[in-house]
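Structure provided below as structure tokens; questions to follow.
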Amino acid sequence: MAAPARTAPEDDASAVLDELSRNFTYWAPGPGNGSLSSAWYRRNQIHLFGVLLAILGNLVISISLNIQKYSHLHLAQKEHPKPYFKSVLWLSGVLLTALGETGNFAAYGVAPITLIAPLGCMSVTGSAIISVIFLKENLRASDLLGMTLAFAGTYLLVNFAPNITQAISARTVQYYFVGWQFLVYVILEILVFCILLYFHKRKGMKHIVVLLTLVALLASLTVISVKAVSGMITLSVTGKMQLTYAIFYIMLVIMIASCVFQVKFLNQATELYTMTTVVPVNHVFFTTSAIIAGIIFYQEFLGAAFLTVFIYLFGCFLSFLGVFLVTRNREKEHLQQSFVDLGNIPGKQMLDKVQPDSNGLSYGTLPDGGDSTRGQCGEKKES
């Protein structure tokens, strides 16, 4: 007697159980169990290579940022400092940044956007570790907690990201480029971008959410074009020439233009707000826009089980929370440590605090300078 056919809910339940067994079972024997098994490794080998490239690239970027920071501190201690762009240390940091971004660029060509984009948290956590070791900054309890959450989120992202392998050819990019999903997405994005740009330019609205939303909208186009260009270059290197298609150069122009304007708005945000505010918000906005772009343009979550998507989003949330904890109050703590208590001056009445408020207009000037000058003139007349 034939077994009865399973209904659709039973198929969904079995798919969820299969997904759980593939990702959470480490101890059971068998070739296909667990995310550390040989079958899982063979199935995800190319993706793991992209993950390795992205992690190494982000770590190199974190090293370069600390080298540039050390260069600025070293030049500030000199009596006659030369311009920072003439420093060998600073230039070496710039070269390392370019090397790290090259690793990220290559990673987008071999792995899904939804897997590579959230790994930017490795740059923040790596920078915190390096600054503690080499720049002798304090290691706080929030740093340890944030790093732990970021690593846990990264593990979930790697395990539950879309398990699809796409050969990004010119014809594939052309097909996605004229698809109705992407056209609707681009039209909505252009409308939102124009509205925000109007309030930013005409109304003078410079809120951090406005600036970083503009950055994120441009970033979604950046990651789409970066993956297309990187994928077509990778396919050309293997012998299937893709550089003769017009879509390659269209994507190249989109990539360069979006990067330039993205840096422009990001610089405005860093001028108006502290890095401890800009870094976590920009990481959340950039990652979210990149994930949405990967889902809509490359259809990376097509056919994924609900539980897989939920655990993936939970991994993103952990990495976001980790970045927030690592960057929280870091600059304020640094400023408090750099103040020097000069104590009381003998024979003088202290009218104000020695170190003025860094947010005040009189920061770096002597308090109540007029009264001090008049007091000195009176003493001379009496003598």
Side-chain angles (χ1 to χ4, degrees), residues 40-57 98-120 157-158 160-190 217-260 262 286-287 289-304 308-309 312:
W40 185 91
Y41 176 76
R42 286 194 301 270
R43 191 169 61 246
N44 297 275
Q45 187 173 6
I46 188 66
H47 291 175
L48 291 177
F49 178 66
V51 169
L52 182 62
L53 283 176
I55 291 177
L56 289 177
L99 180 63
E101 293 296 350
T102 303
N104 281 327
F105 178 81
Y108 278 110
V110 297
I113 292 175
T114 48
L115 176 58
I116 300 302
L119 296 179
L157 291 170
V158 172
F160 288 90
N163 187 21
I164 58 171
T165 301
Q166 290 180 318
I168 305 299
S169 63
R171 293 186 181 276
T172 303
V173 176
Q174 287 176 355
Y175 173 77
Y176 288 141
F177 195 76
V178 297
W180 68 268
Q181 300 95 332
F182 179 66
L183 293 179
V184 171
Y185 173 72
V186 167
I187 291 172
L188 292 176
E189 185 172 274
I190 291 174
L217 292 174
L218 292 169
S220 64
L221 296 178
T222 301
V223 295
I224 289 173
S225 56
V226 163
K227 183 172 178 62
V229 172
S230 179
M232 285 187 276
I233 290 176
T234 303
L235 210 58
S236 300
V237 171
T238 59
K240 300 177 181 179
M241 180 55 64
Q242 305 293 314
L243 307 186
T244 57
Y245 291 87
I247 191 65
F248 173 80
Y249 299 97
I250 292 174
M251 285 296 183
L252 184 63
V253 171
I254 292 175
M255 181 184 72
I256 295 173
S258 59
C259 283
V260 170
Q262 187 180 335
F286 170 83
T287 305
S289 67
I291 291 172
I292 294 173
I295 292 173
I296 293 176
F297 190 86
Y298 294 103
Q299 302 176 13
E300 293 182 350
F301 270 108
L302 187 64
T308 301
V309 177
Y312 172 84

- request: Name all pairs fulfilling the side-chain hydrogen bond (donor to acceptor under 3.5 Å, both in side chains) condition that reach into residues 231-249, sequence neighbours left out, sorted by first residue then second.
  value: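 Not a single pair qualifies under side-chain hydrogen bond (donor to acceptor under 3.5 Å, both in side chains).
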
field: 4.5 Å side-chain heavy-atom contact, Tyr108 and Val229
entry: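 The answer is no; the side chains never approach within 4.5 Å.
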
Interatomic spacing from CD1 in Ile254 to CG in Leu218 - rounded to 0.5 Å: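 The CD1 atom of Ile254 sits 11.5 Å away from the CG atom of Leu218.
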
- request: Can you sort out the partners of Thr222 under side-chain hydrogen bond (donor to acceptor under 3.5 Å, both in side chains), two or more places apart, ordered by chain and number?
  value: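 If we apply the side-chain hydrogen bond (donor to acceptor under 3.5 Å, both in side chains) test to Thr222, skipping adjacent residues, the hits are Ser258, Gln262.
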
- prompt: CD1/Ile233 to CE/Met241 distance, rounded to the nearest 0.5 angstrom?
  reply: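 One gets 10.5 Å once the value is rounded to the nearest 0.5 Å.
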
task: Kindly write out the residues that satisfy side-chain hydrogen bond (donor to acceptor under 3.5 Å, both in side chains) with Thr172, not counting sequence neighbours, or none if the list is empty.
output: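 Only Ser169 meet the side-chain hydrogen bond (donor to acceptor under 3.5 Å, both in side chains) criterion with Thr172.
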
query: Quick one: are Phe49 and Leu53 in side-chain contact, heavy atoms under 4.5 Å?
result: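 Result yes, sub-4.5 Å side-chain heavy-atom pair found.
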
Using atom types as modelled, flag every donor-acceptor pair under 3.5 Å from a side chain in residues 182-190 to any protein atom, sequence neighbours excluded.
unit_1: Tyr185; atom_1: OH; unit_2: Glu189; atom_2: OE1; d: 3.0
unit_1: Tyr185; atom_1: OH; unit_2: Ser220; atom_2: OG; d: 3.2
unit_1: Glu189; atom_1: OE1; unit_2: Ser220; atom_2: OG; d: 2.6
unit_1: Glu189; atom_1: OE2; unit_2: Ser220; atom_2: OG; d: 3.4

query: Out of curiosity, Ile168 CD1 to Lys227 NZ, how far, rounded to the nearest 0.5 Å?
result: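 It comes to 4.5 Å.
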
- prompt: Taking all atoms of both residues into account, what is the closest heavy-atom pair of Ile116 and Gly50, and its distance?
  reply: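 Shortest heavy-atom separation between Ile116 and Gly50 comes out as CD1-O, 3.6 Å.
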
message: The criterion is side chain to side chain contact (heavy atoms under 4.5 Å, CB included); which residues satisfy it with Ile295, sequence neighbours excluded?
response: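 Ile295 satisfies side chain to side chain contact (heavy atoms under 4.5 Å, CB included) with Thr114, Ile291, Phe301 once adjacent residues are dropped.
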
- prompt: Just how far is it from atom CG of Asn104 to atom OG1 of Thr102, taken to the nearest 0.5 Å?
  reply: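 Separation between the atoms: 9.0 Å.
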
- request: Might you point out which heavy atoms bring Ala228 and Val173 nearest each other, and give the distance in Å?
  value: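 Minimum heavy-atom separation between Ala228 and Val173: CB-CG2, 3.9 Å.
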
task: Mind checking the CD1-CD1 spacing from Ile292 to Ile113? Nearest 0.5 Å is all I need.
output: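 Output value for this atom pair is 12.0 Å.
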
field: Interatomic distance, Leu99 atom CG to Leu56 atom CG [nearest 0.5 angstrom]
entry: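 Atom-to-atom, Leu99:CG and Leu56:CG are 10.0 Å apart.
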
